Amino acid sequence: MKLYHSPTSPYARKVVACAIARGLDSQIELIPTNPHLSPPALLAANPLSKIPCLVTSDGLALFDSPVIVEYLDSLEGGLPLFPRTGGARWLALRQQAVADGIMDAAVGRRGEQGRPQEAARDEVMARNRDAVSRALDMLEAEPPHQTLDVGSISVACALGYLTLRFSDEPWREGRPKLTAWFSTFGLNPCIARTKPSA
Ligand SMILES: N[C@@H](CCC(=O)N[C@@H](CS)C(=O)NCC(=O)O)C(=O)O
């Protein structure tokens, strides 16, 4: 399998972390990719020019990250990352959704950083900042379990991205439970081995 990838993309990190957690990472070749340059190989696989994009061993191109991690979960491997039934399943899926929402808002803000001020856009960026703050408060009220699943891995990747790109807006402030959760959860090899550096 081939994965169009960048080490600083939180979505790509989620995919690689899930692959490591399932013992599938050795089957995946990482293709370093800058999606903003729209490289032809990526466009041929994903017309949206976004990473991550996984090309399976059958040649099927899969995106976006929730689809890829569900595909990885369907392969023979270690423990399943999608709880099959019951409350644990919906909680894990909701955590993935909250984490992906944090990534969407934070990646959007990051893309706009350094551009000239413009009122309408600044308003959207402020909404993104507030959405992240509220989502973090939700996670503080109910942090994920230490169990490895798609929800906890996604949350860790979202927090890792905030740590990397928004060090001037420390998400840990006023969120002791989430901070403690992240410190312990971050010791898992799938999270420790995928930690991004600027
Ligand atoms: N919902 C997608 C989001 C992927 C995404 O936005 N990736 C960014 C990199 S962090 C990207 O490829 N951006 C390129 C672009 O927007 O043109 C997923 O979960 O995979």
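Ligands are counted one by one from 1 in listed order, and the atoms in each one are counted from 1 as well. Fair warning: this is a prediction, and the values are worked out from it, not measured in the lab.
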Counting distance only, does the side-chain N/O of [X] pair as donor-acceptor with the main-chain N or O of [Y] below 3.5 Å?
{"X": "Tyr4", "Y": "Ala12", "result": "no"}
{"X": "Ser133", "Y": "Arg129", "result": "no"}
{"X": "Asp130", "Y": "Arg127", "result": "no"}
{"X": "Ser6", "Y": "Thr33", "result": "no"}
{"X": "Arg22", "Y": "Leu72", "result": "yes"}

Heavy-atom nearest neighbour in the protein, as seen from [atom], with distance rounded to 0.1 Å:
{"atom": "atom 1 (N) of ligand 1", "value": "Asp64 OD2, 3.0 Å"}
{"atom": "atom 11 (C) of ligand 1", "value": "Pro35 CG, 3.8 Å"}
{"atom": "atom 16 (O) of ligand 1", "value": "Lys50 NZ, 3.0 Å"}
{"atom": "atom 10 (S) of ligand 1", "value": "Ser9 OG, 3.3 Å"}
{"atom": "atom 8 (C) of ligand 1", "value": "Ile51 O, 3.8 Å"}

Arg84 and Asp73 ion-paired at < 4.0 Å: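 A salt bridge links Arg84 with Asp73.
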
Which of the ligand 1 atoms, numbered from 1, are nearer than 4.0 Å to a heavy atom of Pro66: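 It comes down to these atoms of ligand 1: 19 (O).
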
Closest to atom 3 (C) of ligand 1 (judged by heavy-atom distance), picking from Tyr11, Phe63, Tyr161: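 Going through Tyr11, Phe63, Tyr161 one by one, Tyr11 has the nearest heavy atom to atom 3 (C) of ligand 1.
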
Side-chain donor-acceptor contacts of residues 189-198 below 3.5 Å, not counting sequence neighbours, with atom names and distances?
{"residue": "Arg193", "atom": "NH2", "partner": "Asp25", "partner atom": "OD2", "Å": "3.1"}
{"residue": "Thr194", "atom": "OG1", "partner": "Arg13", "partner atom": "NE", "Å": "3.0"}
{"residue": "Thr194", "atom": "OG1", "partner": "Cys190", "partner atom": "O", "Å": "2.7"}
{"residue": "Thr194", "atom": "OG1", "partner": "Ile191", "partner atom": "O", "Å": "3.2"}

Contact partition for Met103 relative to ligand 1, non-hydrogen atoms under 4.0 Å: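 Met103 to ligand 1: no contact under 4.0 Å from either part.
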
Contact partition for Ser6 relative to ligand 1, non-hydrogen atoms under 4.0 Å: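 Neither part.
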
Contact check: Ser65 vs ligand 1, nitrogen or oxygen atoms, below 3.5 angstrom: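 Yes; the residue has a nitrogen or oxygen that sits under 3.5 Å from a nitrogen or oxygen of the ligand.
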
